[in-house]
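Step one of this worksheet: look at the structure below.
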Amino acid sequence: MGGLRRLAGTPEQVAVRLRERVRVEAGLAISVGVARTKFLAKVASAVCKPDGLLVVEPDREQEFLLPLPVERLWGVGAVTAEKLHRLGITTVGQLAELEEATAERLLGRAAGAHLHALARLRDPRPVDTTRRRSSIGSQRALGTKPRTEEELDLFLTQIVDRLARRLRYGDRVCRTVVLRLRFGDFAKATRSRTVRPTDRTSVLLEVARELLATARPEIGARGITLIGLSLSQLARADSLPPELPIDWNDQARLDTVLDAVRDRFGAASVARAVQLDRDPGLDAPLLPEHE
DNA sequence: TCTGGGGTCCTAGGACCC
DNA sequence: TCTGGGGTCCTAGGACCC
């Protein structure tokens, strides 16, 4: 909201208008937090739910945040909360009193540093409205009854179909395919593979089936209660290099095709990437045999 | 509340490269 | 050649969020 006061009014006035507009246009009650940082505004909106508005003035930040339970911090879930509770830490203020190194040892480097900073009111993250989704996934809970191979393949096919369509609809390609499983005892596992960027249903289905095949013994022994797939390492579809119609696993055919291309267009018309800009002799004519 | 569904991010070990 | 060093990528698992 910085610099918008003359155009839009104070942050609080903007928040009031936002709530009113959503109520009128969508018929929904929303809660809005206003503060100096993203994190504090988020906490404020959670604290004033439902249908509330809370402004945390810059000089009231400590007084607002420190007494709150640690669970209010973004990134503290059940596991982290339990770790902290075991040390007698139940409020944000108590967490803020820890040394940063201590927090990192306790919670891991990234989470420790992050939570320590938040507890001490440090949150330099800017608002970013340009982020794109980094993965898409779909899953299906199966209940506890036994499933046949055919059933599993059907579920997998449906999931791949849906994801591949979403991929193409968004003009995206993916590189990593992750199969998610949950067994009869509700323990979870993943199997993943990274391939050349693709949006082809057939390619994704093939990879997904191969991943599922690696888990077949475990599924047989333990049963399966969930199957899912997630596609990541997404990129814009137009970032793909143009594909040559060549099966790169068929080396003999590859050689034949490359020879034909060079015969017709010259030796330098096709090169291995390592040769690019490096081999001045690439265009030299081949010595005729026996001469 | 979650044995629902869709996501993000981090960690650790191993392979591999220079 | 490696009982070095630094780095990236891949895989698998897990915590957390809405």
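The chains referred to below are lettered A, B, ... by the order of the sequence lines, with proteins before strands, and numbering in each begins at 1.
- If you find the closest nucleotide of DNA chain B to A:A141 and to A:S134, the one lying nearer the 5' end belongs to A:A141.
- Consecutive Watson-Crick or G-U pairing (both distances under 3.5 Å) extending over three or more pairs maps onto DNA chain C as B:5-18 with C:5-18.
- A:T194 comes within contact range of the sugar-phosphate backbone alone, with a heavy-atom separation under 4.0 Å but no base atom that close.
- At the phosphate of C:dG13, neither OP1 nor OP2 sits under 4.0 Å from any side-chain N or O atom of A:R180.
- The A:R162 side chain lies nearest to B:dG6 when the options are B:dG6, C:dG13, B:dC9.
- The side chain of A:T144 sits closest to B:dT3 out of B:dT8, B:dT3, C:dG13.
- The shortest distance between side-chain heavy atoms of A:C174 and A:L204 falls below 4.5 Å.
- Within residues 70-90 of chain A, the residues having any heavy atom closer than 4.0 Å to DNA chain C are, in order of number, A:L73, A:W74, A:G75, A:V76, A:G77, A:A78, A:V79, A:T80.
- Between A:S192 and the phosphate of C:dA12, there is a side-chain N or O to OP1/OP2 separation shorter than 4.0 Å.
- Counting any heavy atom pair closer than 4.0 Å across all strands shown, A:A111 reaches no nucleic acid atom.
- In this model, the phosphate group of C:dG14 is not approached by any side-chain N or O of A:R182 to a distance below 4.0 Å at OP1 or OP2.
- Rounded to an integer number of Å, the gap from CZ of A:F186 to C1' of B:dC2 is 11 Å.
- Rounded to whole Å, the distance from CZ on A:R125 to P on C:dC17 is 12 Å.
- Between A:K38 and A:D123, none of the side-chain N atoms (NZ, or NE/NH1/NH2) sits under 4.0 Å from a carboxylate O, so this pair counts as no salt bridge.
- The 12-atom threshold is exceeded at CZ of A:R23, counting heavy atoms of other residues, nucleotides or ligands nearer than 6.0 Å.
- Within a 6.0 Å sphere centred on CZ of A:R21, other residues, nucleotides and ligands contribute 12 heavy atoms or fewer.
- Remark: P of B:dG4 and CD1 of A:I159 are 14 Å apart, rounded to the nearest angstrom.
- Within 6.0 Å of the CZ atom in A:R162, the count of heavy atoms belonging to other residues, nucleotides or ligands exceeds 12.
- A:S192 and A:T176 form no side-chain donor-acceptor contact under 3.5 Å, judged by distance and modelled atom types alone.
- We find that A:R172 and A:D199 are not joined by a salt bridge, their nearest charged nitrogen and carboxylate oxygen being 4.0 Å or further apart.
- For the pair A:R132 CZ and B:dT8 P, the computed distance is 12 Å after rounding to whole Å.
- Computed from coordinates, the A:L142 CG to B:dG4 P distance equals 10 Å when rounded to whole Å.
- The CG atom of A:L211 sits 12 Å away from the P atom of C:dG13 (whole-angstrom rounding).
- In this structure, A:Q139 atom CD and B:dG6 atom C1' are separated by 7 Å, rounded to whole Å.
- Taking the charged nitrogens against the carboxylate oxygens, A:R120 and A:E100 have no contact shorter than 4.0 Å, which rules out a salt bridge.
- Between A:T176 and C:dC10, a side-chain N or O to OP1/OP2 separation shorter than 4.0 Å is absent.
- Atom pair A:R193:CZ and C:dT11:P shows a separation of 8 Å (rounding to whole Å applied).
- The side chain of A:K42 contributes an N or O atom lying less than 4.0 Å from OP1 or OP2 of C:dC18.
- A salt bridge links A:R191 with A:E218: at least one charged nitrogen is closer than 4.0 Å to a carboxylate oxygen.
- In this model, the phosphate group of C:dC10 is approached by a side-chain N or O of A:Q233 to a distance below 4.0 Å at OP1 or OP2.
- In terms of phosphate contacts, A:R175 brings a side-chain nitrogen or oxygen within less than 4.0 Å of OP1 or OP2 of C:dC10.
- In this structure, A:Q94 contributes its side chain and A:T91 its backbone to a donor-acceptor pair below 3.5 Å.
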